[in-house]
Amino acid sequence: MKPTTRQWRRTSLAAAATLLATLPVLPAATPASADTAPGKASVWLTDLSTNTHLAKQPSVTWKTGPAPSGSSSSTITVDTTRKYQPMSGFGASFTDSSAWLVGTKLDSEQRDALMRDLFSRRDGIGLSFLRQPMAATDFTASGNYSYDDMPAGQSDPTLANFTIDHDRSYTIPLLKQARKINPQMTVMATPWSPPGWMKTSDSMVTGRLKPDAYQAYADYFAKFLKEYAAAGVPVRYVTPQNEPLYEPSTYPGMSLPADQAKTFVSDYLAPTLRKQGLSTGILGYDHNWDVTSYPESLYADPATAQNVAGTAWHCYAGDVTAQSVVHNDYPNKPAFQTECSGGSWEGDEQGGFAGVMDNVINGPRNWAQSIVRWNLALDTDGGPRNNGCSGCRPVVTVAPNTDGTWTYTPTADYWGLAQASKFVQPGARRVASNTLGKGSIEDVAFTNPDGSTALVTYNSGTTARTFTVGWGNRHFSYTLAAGAAATFTWTGNQHGSTAPTAIGSVDIPFQNPDGSKALISYDSSLLAQQPQVRIGDQWLGYTLPTGASLTPPTGEVALSRDGWQATASASSSDDPPSKAIDGDAATRWSLGHGMQPGDWFQVDLGSTQTFNQIVLDTTASSGDFVRQYEVYTSNDGTTWGKPVATGPGSTVTRIQLPTTTARYIRVVNKAGSGNWWSIHDLSVLAPDGKATTSASQTKGVQRKSAALPDGTRLETVYNSGSSTAMFDVPLGDTTYSYRLPAGAAAIFTTRSA
């Protein structure tokens with residue numbers, strides 16, 4: 001039985017006793033929550049299988065010396081001398097639904113108790129990041145609204161009717177209270193839609209921003225920021241649009257393609273904020289991991305890059321390693337995870353806890369400075385909803401009692417966030433640690449501004465695991481039950497060095513003109529995120545940030561499609577393989593089901609041909625590109641041999657090959673996705689023999705070499721200059737010309753095939 005929150009709160013947070021024997025309460029702790037006793041580390045445990053919730057455990061004792069011999073496969077090594085991104089914080093969103101429940105349904109005693117539990121570092125879990133919607137979303141208690149609504153067909157370009165009064169009743173008071181409890185709170189703001197009169201639909205639902213409304217919309221942002229600040233809620237960051245690649249049909253939203261975002265940010269929003277004396281940072285994108293080209297295109301454009309402070313990410317499609325890919329491509333631009341809701345799709349409470357722990361650990365491991373869940377509070381039906389997600393899980397559930405009063409109950413999201421938010425202070429730096437991986441102990445480590453260290457661990461396996469934590473010349477061992485999380489905290493300085501092989505990654509620092517560092521970190525898991533070609537007995541790989549290009553020494557010409565035949569492992573009845581090679585970009589081949597490893601598309605060129613590039617264009621179905629490809633060639637359509645190329649797909653997937661002679665080409669998908677794989681146009685290019693010319697421009701180019709523990713060799717090139725750099729890159733016997741935008745980095749890898 002779960003106790004009511006009123007019962008839960010009556011027990012002192014400073015006590016280790018429990019109200020119910022099965023449910024420990026949240027103890028009080030110092031802000032660092034680190035054991036200051038010499039040679040000790042504190043342990044805080046959540047194990048849902050035993051109804052243990054952020055419970056203080058007996059401290060562990062450090063032992064002097066390296067980890068025991070033979071324990072390398074079960075040792076987590078923490079190296080606090082290797083520092084990465086600063087942390088802004090962990091949190092969620094006071095959506096209108098959340099604020100309405102907390103602000104109007106809970107009585108003042110319960111509301112104050114909840115706010116302490118959420119935001120106090122001493123008496124609660126210390127949440128320190130709030131992502132606030134600018135007006136209505138799919139979770140509102142009062143339908144669709146903006147800050148400048150007008151009757152249908154009317155407009156207000158001077159924003160004479162602008163008001164944030166809707167937020168003054170219950171949202172702004174909660175934000176002010178959160179900031180008072182936790183003065184280190186970061187608030188960001190994001191619109192789901194401009195006022196309808198600014199859009200082509202004349203509605204907050206569907207539509208795009210009208211070209212003549214760009215300035216009015218920038219002024220709308222400025223007014224919002226000024227009025228929120230005047231109300232006591234300064235906003236640190238904004239994004240131009242929530243999920244700009246998704247245009248929902250039943251709740252507020254807006255399509256904002258990257259080119260339009262560039263125009264809006266560079267020509268309107270950033271200049272307007274500066275003119276109004278506002279220092280609010282602009283984060284780009286605010287959408288899923290599966291389309292890295294959108295945020296990178298903002299960085300590749302010099303005018304936009306100087307006005308975009310970083311990328312906001314969501315977790316609903318793609319893989320979290322996309323954050324590391326984009327960081328390494330543009331290492332001066334930080335990452336923020338700004339929305340990741342748990343929900344019924346994760347199964348039971350244990351599945352939900354697994355989801356939030358994955359988010360809390362692997363988000364920061366991949367450069368996220370914030371981890372933000374979605375709704376802070378919902379009712380027992382997952383509402384109030386505004387035609388949005390029907391299974392989303394909040395951080396706390398607010399529900400009525402039989403006597404008409406309302407109480408709140410923490411969910412798996414609360415306890416998962418707590419394992420980090422209570423112990424990782426704003427301004428903490430993530431530090432190096434290896435992870436034992438999925439199905440074992442996963443972890444992330446931080447050093448706080450006060451010098452204490454926090455190590456967050458989670459057992460994602462199905463059995464208990466005993467592991468060792470090594471730190472300098474000290475270590476301890478611990479056993480963690482399946483599905484349980486433990487946070488270890490300690491004070492002191494690291495003594496003794498850490499072998500590079502213990503972490504498994506390499507750090508490559510470069511110097512920026514202003515004296516700051518551009519830091520690239522690379523491990524073997526990132527190899528799958530870059531194109532690679534097989535040259536003899538080696539795989540040669542390269543990264544290609546958006547805005548960069550790799551040009552062969554001669555021009556290229558598309559092979560004639562005469563005589564081609566296309567086949568596939570499966571096809572939609574309306575989209576046969578022949579439509580991918582018909583020369584009409586409006587037609588397509590489509591797989592007919594969500595992508596699965598092993599799906600393939602094949603072209604018979606009709607005769608043996610020589611070629612060096614394949615282009616898969618999915619522009620007209622931008623999300624339906626192959627997620628991870630391998631390319632095979634054959635002369636008889638039966639014997640395929642080893643793959644000749646591999647890499648990640650994109651909206652336009654350009655697959656460079658060594659000069660190859662073959663009749664058959666097969667592209668095989670290697671990763672799953674809910675999207676149907678589509679190809680609107682497939683081209684095969686061949687060298688035309690005409691030499692291309694490209695002048696070398698290497699001002700600002702810095703180069704460094706490194707090697708991974710598995711023997712992979714890296715050559716990293718960083719353009720610290722203010723203009724595009726050009727340099728030569730050998731791939732096998734061919735020398736290509738590489739174009740690298742300002743502020744971008746390229747990584748070239750060599751490994752055994």
Side-chain angles (χ1 to χ4, degrees), residues 95-96 131-140 142-167 188-225 227-228 235 238-273 282-288 291 294 297-298 304 307-308 312 314 338-339 385-389 622-623:
T95 59
D96 184 68
R131 177 187 183 233
Q132 287 311 115
M134 292 171 60
T137 72
D138 50 334
F139 283 91
T140 66
S142 53
N144 295 333
Y145 66 93
S146 76
Y147 300 124
D148 196 338
D149 291 321
M150 296 296 293
Q154 296 184 30
S155 63
D156 182 23
T158 64
L159 304 182
N161 296 307
F162 182 96
T163 177
I164 61 167
D165 283 352
H166 178 281
D167 296 1
M188 70 168 288
T190 301
W192 266 240
S193 173
W197 56 266
M198 294 187 186
K199 298 169 64 182
T200 56
S201 60
D202 197 27
S203 169
M204 293 186 70
V205 181
T206 70
R208 294 192 177 191
L209 188 62
K210 292 179 179 178
D212 61 1
Y214 278 48
Q215 185 57 57
Y217 197 29
D219 294 336
Y220 181 88
F221 271 83
K223 275 185 171 287
F224 166 83
L225 293 170
E227 294 207 19
Y228 252 59
V235 174
V238 293
T239 63
Q241 174 62 39
N242 172 68
E243 299 189 344
L245 296 179
Y246 177 53
E247 188 177 342
S249 60
T250 59
Y251 61 83
M254 184 176 74
S255 171
L256 187 69
D259 285 346
Q260 291 182 20
K262 292 177 194 176
T263 299
F264 178 59
V265 169
S266 300
D267 297 345
Y268 298 93
L269 181 57
T272 297
L273 297 188
I282 301 170
L283 303 179
Y285 190 45
D286 217 359
H287 211 163
N288 293 327
V291 183
Y294 190 118
S297 70
L298 306 183
T304 310
N307 293 311
V308 176
H314 295 188
T338 54
E339 185 184 315
R385 293 185 293 113
N386 184 26
N387 296 316
C389 169
S622 60

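Heavy atoms only: backbone and side chains are in, while hydrogens, waters and symmetry mates are out.
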When rounded to the nearest 0.5 angstrom, what distance separates [atom1] in [X] from [atom2] in [Y]?
| X | Y | atom1 | atom2 | value |
| --- | --- | --- | --- | --- |
| Met254 | Ser201 | CE | OG | 9.5 Å |
| Asp267 | Tyr214 | CG | OH | 9.5 Å |
| Asp259 | Tyr294 | CG | OH | 9.0 Å |
| Tyr145 | His166 | OH | NE2 | 4.0 Å |
| Asn161 | Asp156 | CG | CG | 4.5 Å |
| Leu283 | Thr190 | CG | OG1 | 8.0 Å |

With a 4.5 Å heavy-atom cut-off, do [X] and [Y] have their side chains touching?
| X | Y | value |
| --- | --- | --- |
| Ser146 | Met198 | no |
| Leu269 | Phe221 | yes |
| Thr137 | Asp96 | no |
| Asp148 | Trp197 | yes |
| Lys199 | Pro194 | yes |
| Thr338 | Met188 | yes |
| Asp138 | Asn387 | no |
| Arg208 | Pro257 | yes |

Which atom names give the shortest non-hydrogen contact between [X] and [Y], and what distance separates them?
| X | Y | answer |
| --- | --- | --- |
| Leu298 | Ala261 | CD2-CB, 4.5 Å |
| Tyr217 | Pro191 | OH-CG, 3.1 Å |
| Ala218 | Phe264 | N-CE1, 3.7 Å |
| Gly284 | Val308 | N-CG1, 3.7 Å |
| Ala189 | Met134 | CB-CG, 3.7 Å |
| Thr304 | Ser266 | OG1-OG, 2.9 Å |

key: Derivation and outcome, side-chain contact (heavy atoms from CB on, under 4.5 Å), residues Leu209 and Gln241   = CA-CA 11 Å; Leu209 188 62; Gln241 174 62 39; over 6 Å; no
- Could you tell me how the ring of His287 sits relative to the ring of Tyr285: parallel (under 30°), tilted (30 to 60°) or perpendicular (over 60°)? tilted
Decide yes or no on side-chain contact (heavy atoms from CB on, under 4.5 Å) for Phe139 and Cys389, but give the supporting numbers first. CA-CA 8 Å; Phe139 283 91; Cys389 169; 4.0 Å; yes
Q) Can any side-chain N or O of Ser193 pair as donor or acceptor with the backbone N or O of Met204 at less than 3.5 Å? A) yes
- Within the distance-only criterion (no hydrogens, no angle test), does the side chain of Glu247 pair as donor or acceptor with the backbone N or O of Gly207 below 3.5 angstrom? yes
The side chain to side chain donor-acceptor pair (under 3.5 Å) partner of Tyr147 among Asp165, Asp167, Thr163 is Asp167
Ring centroid separation for Phe224 and Tyr220, is it under 6.0 angstrom?
no
Open item on the list: Is there a side-chain contact (heavy atoms from CB on, under 4.5 Å) between Thr140 and Thr95? Walk through the geometry before answering.
Closed with: CA-CA 7 Å; Thr140 66; Thr95 59; over 6 Å; no
**Item:** Steps toward side-chain hydrogen bond (donor to acceptor under 3.5 Å, both in side chains) verdict (Asp286, Thr239)
**Value:** CA-CA 7 Å; Asp286 217 359; Thr239 63; 2.7 Å; yes
